[in-house]
Number of protein chains: 2
Amino acid sequence: MSLSAQDVINELQHAGLRITTQRRSIIEHILRMPAHFSADELLAELHNGQMEVSRATVYRLLPKLVQLGVVREVIYGEEHRHYEVVGEDQQYHGHLICEQCGRVIDFVCPAVEGAIIGVCREYRFWHHSHTLEITGLCEDCQDQPLNN
Amino acid sequence: MSLSAQDVINELQHAGLRITTQRRSIIEHILRMPAHFSADELLAELHNGQMEVSRATVYRLLPKLVQLGVVREVIYGEEHRHYEVVGEDQQYHGHLICEQCGRVIDFVCPAVEGAIIGVCREYRFWHHSHTLEITGLCEDCQDQPLNN
DNA sequence: CTGGATGCAAACCCTTTGCATAAGC
DNA sequence: GCTTATGCAAAGGGTTTGCATCCAG
């Protein structure tokens with residue numbers, strides 16, 4: 001089962017935040033966005049729909065959703081922020097980022113999960129979230145001549 | 001053995017880049033910076049010395065050094081970029097980042113290294129570099145009341 | 001000499017914010 | 001009604017860039 005808009009709305013309410021038409025719309029769109037999206041891409045989607053939401057509102061809600069654990073920031077190499085939805089049952093995963101073509105490949109790796117839990121125990125660190133990003137060349141780009 | 005300024009300068013030359021007084025100065029300072037630094041902190045250090053280097057020059061050199069594998073970008077949660085030197089013998093490591101006090105704790109974990117190599121083999125991905133960042137609460141902050 | 005590097009300052013661009021208005025609860 | 005959320009537009013702040021000058025190779 002994946003996260004529903006209502007689930008997120010309930011979380012907002014529990015956190016003492018008000019449920020507005022704009023927030024409802026933003027949440028519904030976020031759940032339909034591709035794996036990784038930026039604030040700008042989200043805004044573009046919102047403007048394709050009937051509901052208009054201002055940049056400010058989107059920018060104000062996203063950090064709250066991060067705090068609530070609904071989305072998390074990923075793919076930091078890029079110039080602007082990217083987010084992805086944290087599914088209920090979704091395993092933590094990492095990203096393989098191709099330096100040549102920009103493609104982002106998601107991967108899951110239980111061994112990494114286990115290692116991270118071990119590190120946190122060792123350092124008595126309370127683990128909230130983590131990101132693992134590997135940059136390099138994807139299979140296709142390894143064969144191609146460099147172009148920079 | 002850790003990286004010397006001359007090593008980096010040789011790498012620049014091999015890459016066809018010119019060796020200028022400014023670049024020499026930047027490189028020397030980078031090697032003396034604390035574990036993680038921003039472009040701004042680097043500039044402050046440079047201005048403490050006798051040699052003046054402009055912001056533009058620093059901002060133009062850093063990406064080249066990333067490409068050459070001399071430094072890498074880390075600690076992406078922050079609003080601006082941070083870098084760290086990639087030592088010759090330095091083990092890859094990750095960062096534990098405290099959400100409360102902002103402290104950054106480096107850790108090494110061979111298990112993570114192994115897992116990453118496995119993932120790259122599986123996806124036929126050529127590994128250039130990677131970062132692993134775990135956010136949460138450090139030991140000290142776990143006991144303190146929340147203040148946000 | 002000649003093309004790459006520097007410095008200055010202005011431009012960029014994503015993101016944040018002040019303030020008046022609107023609307024949850 | 002009281003307080004929070006929204007929208008607009010302007011500010012913010014790190015980073016990039018155009019252009020004239022400089023200098024390493």
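Below, read A as the first sequence line, B as the second, and so on, with proteins coming before strands; counting in each chain starts at 1. Side-chain atoms are counted along with the backbone in the values below, which use heavy atoms only and exclude waters and symmetry mates.
- The nearest whole Å value for the distance from the CZ atom in B:Arg24 to the C1' atom in C:dT6 is 16 Å.
- The side chain of B:Ile19 lies closest to D:dG25, out of C:dT15, D:dG25, D:dT16.
- Each of A:Asp40 and B:Glu52 was assigned the nucleotide of DNA chain C with the nearest heavy atom; the assignment lying further toward the 5' end belongs to B:Glu52.
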Give each protein N/O atom lying under 3.5 Å from an N/O atom of nucleotides 8-10 of chain C, with the pair distance.
none

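- One can place CG of B:Leu62 at 15 Å from P of C:dA5, the figure rounded to the nearest angstrom.
- The CD-P distance, from A:Glu41 to C:dC14, rounds to 11 Å in whole Å.
- No side-chain heavy atom of B:Tyr83 sits under 4.5 Å from any side-chain heavy atom of B:Leu42.
- Checking C:dT15, D:dT16, D:dA5 against every side-chain atom of A:Leu17, the shortest atom distance belongs to D:dA5.
- A straight line from NE2 of B:His80 to P of C:dC14 spans 19 Å, rounded to a whole angstrom.
- Checked against the 6.0 Å centroid criterion, the rings of A:His95 and A:His93 qualify as a close aromatic pair.
- Within the hydrophobic cluster formed by Ile, Leu, Val, Met, Phe, Trp and Tyr side chains joined at under 4.5 Å, directly or through other members, A:Ile117 stands alone, with no partner residue.
- Judged by distance alone, the side chains of A:His130 and B:Glu133 never bring a donor and an acceptor atom under 3.5 Å apart.
- The side chain of B:Gln22 places no N or O atom within less than 4.0 Å of a non-bridging phosphate oxygen (OP1 or OP2) of D:dC22.
- In this structure, CD1 of B:Ile26 is placed 12 Å from P of C:dA5, rounded to the nearest angstrom.
- Computed from coordinates, the A:Arg23 CZ to C:dA23 P distance equals 15 Å when rounded to whole Å.
- B:Trp126 and B:Tyr123 sit in two unconnected hydrophobic clusters of ILVMFWY residues. Membership requires side-chain heavy atoms under 4.5 Å apart, directly or through other members.
- A heavy-atom distance below 4.5 Å is not found between the side chains of B:Ile134 and B:Ile97.
- An OP1 or OP2 oxygen of D:dG14 is reached within less than 4.0 angstrom by no side-chain nitrogen or oxygen of B:Ser38.
- Here C:dT16 presents its C1' atom at 10 Å from CZ of A:Arg81, a figure rounded to the nearest Å.
- The side chain of B:Thr20 contributes no N or O atom lying less than 4.0 Å from OP1 or OP2 of C:dG4.
- Taking side-chain N and O atoms only, B:Tyr59 has a distance below 4.0 Å to OP1 or OP2 of D:dT15.
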**Study point:** From CA spacing to verdict: side-chain hydrogen bond (donor to acceptor under 3.5 Å, both in side chains), A:His128, B:Glu99
**Key:** CA-CA 9 Å; A:His128 176 203; B:Glu99 292 171 342; 2.5 Å; yes
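- When each of B:Ala39 and B:Arg18 is assigned the nucleotide of DNA chain D bearing its nearest heavy atom, the one mapping closer to the 5' terminus is B:Ala39.
- In this structure, the CD1 atom of A:Ile9 is 13 Å from the P atom of C:dG24, given to the nearest Å.
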